[in-house]
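Input: a single structure, listed below in structure tokens.
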Amino acid sequence: MFSKWVSIGFLYLLLVLLSFGELCNGGITSNYVRRNDLSADMPLDSDVFRVPPGYNAPQQVHITQGDHEGRGVIISWITPDEPGSNTVVYWAENSTLKNHTDGIVLTYKYFSYTSGFIHHCTIKNLEFDTKYYYEVGIGSSTRQFWFTTPPKVGPDVPYTFGLIGDLGQTFDSNRTVTHYELNPTKGQALLYVGDLSYADAYPFHDNTRWDTWGRFIERNAAYQPWIWTAGNHEIDFVPEIGEPKPFKPYTHRFFVPYRASESTSPLWYSIKRASAYIIVMSSYSAFGKYSPQYKWFTKELPKVNRTETPWLIVLVHAPLYSSYVHHYMEGETMRVMYEPWFVEYKVDVVFAGHVHAYERSERVSNIAYNIVNGLCTPIYDPSAPVYITIGDGGNQEGLVTEMTQPQPRYSAYREASFGHGIFDIMNRTHAYFSWHRNQDGFSVEADNLWLHNRYWKYSKEPSVAALR
Ligand SMILES: *[C@@H]1O[C@H](CO)[C@@H](O)[C@H](O)[C@H]1NC(C)=O
Ligand SMILES: *[C@@H]1O[C@H](CO)[C@@H](O)[C@H](O)[C@H]1NC(C)=O
Ligand SMILES: *[C@@H]1O[C@H](CO)[C@@H](O)[C@H](O)[C@H]1NC(C)=O
Ligand SMILES: *[C@@H]1O[C@H](CO)[C@@H](O)[C@H](O)[C@H]1NC(C)=O
Ligand SMILES: *[C@@H]1O[C@H](CO)[C@@H](O)[C@H](O)[C@H]1NC(C)=O
Ligand SMILES: [Fe+2]
């Protein structure tokens with residue numbers, strides 16, 4: 001018995017020493033000097049907030065995936081004056097056969113604000129990999145948009161996701177969206193890691209700033225699905241002014257296909273898209289053991305078929321690993337609860353926002369600690385995901401520049417600049433991640449990384465040492 005423990009202890013010591021060797025140098029803290037301009041909200045009369053012409057014209061048009069495998073789309077829009085039509089007319093490119101589906105309309109009140117008429121319409125059973133046009137509105141106020149459905153789910157289907165978080169509606173937010181649009185690597189769907197409008201920064205959470213945000217993002221979100229994650233700025237919990245229901249504006253304005261993944265809440269759900277399986281979690285809903293989110297999540301992971309969808313991606317607002325001073329360790333309770341699952345099920349990458357900066361981790365885990373063994377330092381772990389914080393969309397709170405020192409060994413690269421990311425899946429073994437800061441040209445990669453799939457091990461994968 002004793003010798004068994006000694007040998008296990010020795011093995012552990014060896015592992016710890018080995019991993020220490022791998023991670024002995026902290027990563028890169030970029031010395032890039034950004035312009036020190038203010039992140040001021042764009043004024044209400046800005047071009048990006050313009051109301052479309054015509055009586056009761058649909059505005060704030062945005063789409064998201066509408067089913068589990070990518071043949072459905074939820075189309076949402078707001079009519080300001082009256083309910084108008086709930087119908088979406090749609091047709092495949094070059095097809096003369098027009099189809100239509102009816103959705104629902106709802107309104108909500110928030111303190112002294114009353115929303116416009118919010119429409120949500122799910123269209124289903126679309127063909128894969130097909131461009132569709134769609135129209136909303138009536139008569140001369142009808143507006144037309146288009147989207148392209150993803151290819152059929154499959155292991156080697158290339159697909160390009162964009163990544164934006166904590167966007168807000170400042171001049172910097174507009175630069176982030178512009179850089180995403182003009183990046184020569186074209187994102188086909190956007191993974192949004194939470195904190196949308198920052199309307200809650202205004203007195204009484206002035207919800208007209210939800211409307212301006214909806215109009216601002218329409219130029220992209222009406223044409224490609226934005227996959228939503230809720231952040232702390234979506235909570236809008238202000239019982240003092242009679243608003244005790246968390247996530248009220250967010251859940252009325254942004255529908256997601258949560259029932260398709262047997263979730264009981266729009267705040268956590270999953271979708272498959274091309275070769276990726278995307279799990280969205282909620283940092284601000286109960287996630288402890290026996291909570292609805294926990295029960296759902298632990299049943300969800302074993303369902304992921306990596307032969308069908310090799311890339312397993314988790315989106316969550318508060319990062320599990322972040323070495324910035326601001327929001328330090330806010331994701332720690334979730335890390336303690338969920339990191340063992342991420343490692344066991346070989347999650348490829350976890351994207352988070354919340355911290356208004358960029359950071360990329362090494363493949364590390366910190367799951368050996370059991371309160372008494374003292375093993376509480378992140379170690380290199382080939383089964384662990386890469387953690388990427390991309391909360392640098394450009395909102396009015398500005399960048400967080402203060403970092404913990406020295407840079408921890410698990411942190412591979414960190415820099416406080418506004419920007420966006422691209423996650424470009426090539427096939428079942430390879431994906432390429434790049435981070436683009438707003439001050440650079442559209443094609444410049446400020447940081448990048450080849451990701452090798454955790455399930456489909458690349459035969460020529462470099463040794464542990466080369467991977468660091
Ligand atoms: C639709 O028509 C255009 C112009 O004729 C053509 O370039 C395009 O390939 C067609 N698309 C499909 C899906 O048939
Ligand atoms: C119209 O949509 C319905 C419902 O999704 C579908 O069953 C039908 O095949 C579609 N018709 C055409 C012509 O696309
Ligand atoms: C936002 O960006 C777009 C595209 O670059 C530009 O046309 C527009 O004028 C910008 N608006 C503001 C208020 O910065
Ligand atoms: C996983 O997906 C593959 C490819 O679609 C399929 O052949 C296989 O049966 C699936 N496995 C399970 C357990 O469902
Ligand atoms: C997967 O993509 C990578 C990067 O483009 C390439 O080097 C590799 O050969 C591809 N694998 C297969 C099996 O095609
Ligand atoms: Fe946040």
Side-chain angles (χ1 to χ4, degrees), residues 37-50 68-70 128 151-157 164-183 192-201 212-213 215-220 228-237 246-247 250 267 272 274-277 281-284 301-312 315-320 322 324 326-328 330-331 334 345 351-357 389-400 418 420 428 438 441-442 455-456:
D37 50 2
L38 210 71
S39 299
D41 270 352
M42 294 181 281
L44 289 173
D45 61 358
S46 297
D47 51 3
V48 294
F49 299 148
R50 211 176 281 143
H68 206 231
E69 75 270 355
F128 285 115
K152 186 172 167 24
V153 167
D156 292 299
V157 182
I164 290 181
D166 306 70
L167 185 59
Q169 42 194 306
T170 72
F171 289 98
D172 288 306
S173 320
N174 197 35
R175 281 182 204 114
T176 301
V177 173
T178 303
H179 276 246
Y180 175 55
E181 289 168 328
L182 297 181
N183 191 322
Y192 194 93
V193 289
D195 281 0
L196 282 60
S197 72
Y198 289 75
D200 61 350
T212 53
W213 196 77
R215 295 198 290 271
F216 161 49
I217 62 154
E218 181 191 272
R219 74 177 201 249
N220 192 273
W228 300 110
T229 311
N232 54 308
H233 287 277
E234 278 67 71
I235 302 174
D236 284 316
F237 171 72
F247 302 105
Y250 173 71
L267 301 172
K272 298 185 220 176
S275 42
Y277 199 103
M281 300 180 74
S282 175
S283 301
Y284 307 101
L301 279 176
K303 284 190 207 159
V304 182
N305 180 346
R306 302 293 278 272
T307 302
E308 192 188 27
T309 51
W311 293 94
L312 180 50
L315 308 182
V316 65
H317 186 61
L320 277 56
S322 167
Y324 287 85
H326 206 62
H327 297 315
Y328 193 59
E330 284 183 19
M334 191 174 252
Y345 285 89
F351 290 108
H354 199 43
V355 175
H356 301 161
T389 302
I390 186 134
D392 55 351
N395 66 72
Q396 43 83 42
E397 289 176 353
L399 288 163
V400 296
F418 293 127
H420 75 275
R428 76 183 67 189
N438 289 355
F442 301 120
Y455 181 87
W456 294 97

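Predicted, not measured: the structure shown is a model, and the values here were computed from it. Counting starts at 1 for both ligands and their atoms, following the listed order. Residue numbers start at 1 and run along the sequence shown.
Arg175 has a carboxylate O that lies under 4.0 Å from a charged side-chain N of Asp172, or vice versa, which qualifies the two as a salt bridge.
Near Asp47, meaning under 4.0 Å from any of its heavy atoms, are these atoms of ligand 3: 8 (C), 9 (O), 10 (C), 11 (N), 12 (C), 13 (C). Listed by number with element, the atoms of ligand 3 under 4.0 angstrom from any heavy atom of Phe171 are 13 (C), 14 (O). For ligand 4, the atoms closer than 4.0 angstrom to any heavy atom of Asn305 are 1 (C), 2 (O), 3 (C), 8 (C), 10 (C), 11 (N), 12 (C), 14 (O). Proximity to Thr178 (heavy-atom distance under 4.0 Å) selects the following atoms of ligand 3: 2 (O), 4 (C), 5 (O). The contact set between ligand 3 and Met42, taken as ligand atoms under 4.0 Å from a residue heavy atom, comprises 12 (C), 13 (C).
Formation of a donor-acceptor pair under 3.5 Å by the Thr229 side chain with backbone atoms of Tyr192 is found in this model. With hydrogens and angles ignored, the 3.5 Å screen pairs no side-chain donor or acceptor of Glu218 with any backbone N or O of Arg215. Using modelled atom types, no side-chain atom of Trp456 and backbone atom of Pro310 make a donor-acceptor pair closer than 3.5 Å.
Within Asp195, OD2 is the N, O or S atom that lies nearest to the Fe ion (ligand 6). When the Fe ion (ligand 6) is compared with the N/O/S atoms of His354, atom ND1 turns out nearest. Atom NE2 is the N/O/S atom of His317 found closest to the Fe ion (ligand 6).
Using a 4.0 Å threshold on non-hydrogen atoms, atom 9 (O) of ligand 4 does not count as touching the protein.
In the displayed structure, Tyr328 atom OH is contacted under 6.0 Å by at most 12 heavy atoms of other residues, nucleotides or ligands.
Where the criterion is an N or O separation shorter than 3.5 Å, residue side chain and backbone included, Ser46 fails it with respect to ligand 3.
Protein heavy atom at the shortest distance from atom 4 (C) of ligand 4 is Thr307 CG2, 4.1 Å.
Contact record, Thr170 with Gln396: CG2-N, 3.3 Å, taken as the closest heavy-atom pair.
Among Thr170, Asn174, Val48, Asp45, the residue whose heavy atom sits closest to atom 3 (C) of ligand 3 is Asn174.
A side-chain donor from one of Asp166 and Tyr198 sits under 3.5 Å from a side-chain acceptor of the other.
If you run side-chain hydrogen bond (donor to acceptor under 3.5 Å, both in side chains) between His420 and each of Asp392, Asn183, Thr176, only Asn183 comes through.
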